[in-house]
Amino acid sequence: MILSLKDVSVRLSGLHILQGISFDVAASGITVLLGRNGVGKTTTLRAILGLAPATGSLTFEGQSIAGQRTHRLVQSGLGYVPEDRCVFAGLTVAENLRLAALREPNYDLVFELFPVLKQRLSQTAGSLSGGQQQMLSLGRVLLNSHKLLLVDEPTKGLAPKVVTEVAVALELVSQRVPVLLVEQNLAVVRRLAADAVVLASGRVAWTGSATTLLGDASLTKSLLGVGH
């Protein structure tokens, strides 16, 4: 396991968002974090990155990262793709990438996965389509060498064709680096994920094989409120 959470809790604005969650992330492939809206999935990623105040045990590669500053965690190998893309709209694609580049950025990998970004280097990010902005958001983190990627709802609001393109990119990326993925699109989950963690009301409700979860219609319905 590359990442372990044990009895992690987060309180925000008087609300007990995470209530002692525990789970592990495998050192290869994609682990998906599932749950209905508002159960704490994004808060979990933010807690791992030190962006939300957390108690409990957080270990990365066997070392405690609890209480560490976010920039230190990024330097140690954690990469983050936030929900809703968060690109710098007034800057060009090239400038967005340049700002994210650390040591020896791998532009070739980014342009191989997302050739449209190379074609639009001089275009402002705010003028890109939603799908292209998501590719840019992914591209910024993929520029650098990471040991684990935290990716928050990368297909949210995208057209079906672009969803497929993003899923293919994540599939290729996961062959190089493990991913903890928050995703609501179960077709994407079925294609990508090896392991699944389901949150409910701020607690871990289920862990196991993603194939097992999605292969059981009644279990999927009870945990996620959706059909098979």
Test side-chain hydrogen bond (donor to acceptor under 3.5 Å, both in side chains) applied to D24 - qualifying residues, sequence neighbours left out: S4
So do the side chains of L117 and V110 get within less than 4.5 Å of each other, counting heavy atoms only? yes
Across all chains, not counting sequence neighbours, the side chain to side chain contact (heavy atoms under 4.5 Å, CB included) partners of L97 are V93, Y107, F111, L121, L136, R140, L143
List the residues meeting side-chain hydrogen bond (donor to acceptor under 3.5 Å, both in side chains) with T124, not counting sequence neighbours, and say none if there are none. S127
Mind jotting down which residue pairs meet the salt bridge (charged side-chain N to carboxylate O under 4.0 Å, His left out) criterion with at least one end in residues 162-182? Sequence neighbours excluded, please. E171-R191
My understanding is that only residues two or more places apart in sequence, or in another chain, count here; which of them pass side-chain hydrogen bond (donor to acceptor under 3.5 Å, both in side chains) with E95? T92
Sequence neighbours excluded - salt bridge (charged side-chain N to carboxylate O under 4.0 Å, His left out) pairs with any residue from residues 102-124: none
What residue pairs, at least two apart or across chains, pass salt bridge (charged side-chain N to carboxylate O under 4.0 Å, His left out) with a residue in residues 69-84? E83-K156, D84-K156
Please identify each residue that fulfils side chain to side chain contact (heavy atoms under 4.5 Å, CB included) with V141, with sequence neighbours left out. V81, H146, L149
Pairs meeting criterion salt bridge (charged side-chain N to carboxylate O under 4.0 Å, His left out) with involvement of residues 55-67, two or more places apart: E61-K147
Considering residues at least two apart in sequence or located in another chain, which fulfil the side chain to side chain contact (heavy atoms under 4.5 Å, CB included) criterion with L172? L113, V168, Q175
Counterpart residues, side chain to side chain contact (heavy atoms under 4.5 Å, CB included), relative to S201 (two or more places apart): none
Clusters formed by hydrophobic residues whose side-chain heavy atoms approach within less than 4.5 Å: which one holds L99, and what are its other members? F88, L91
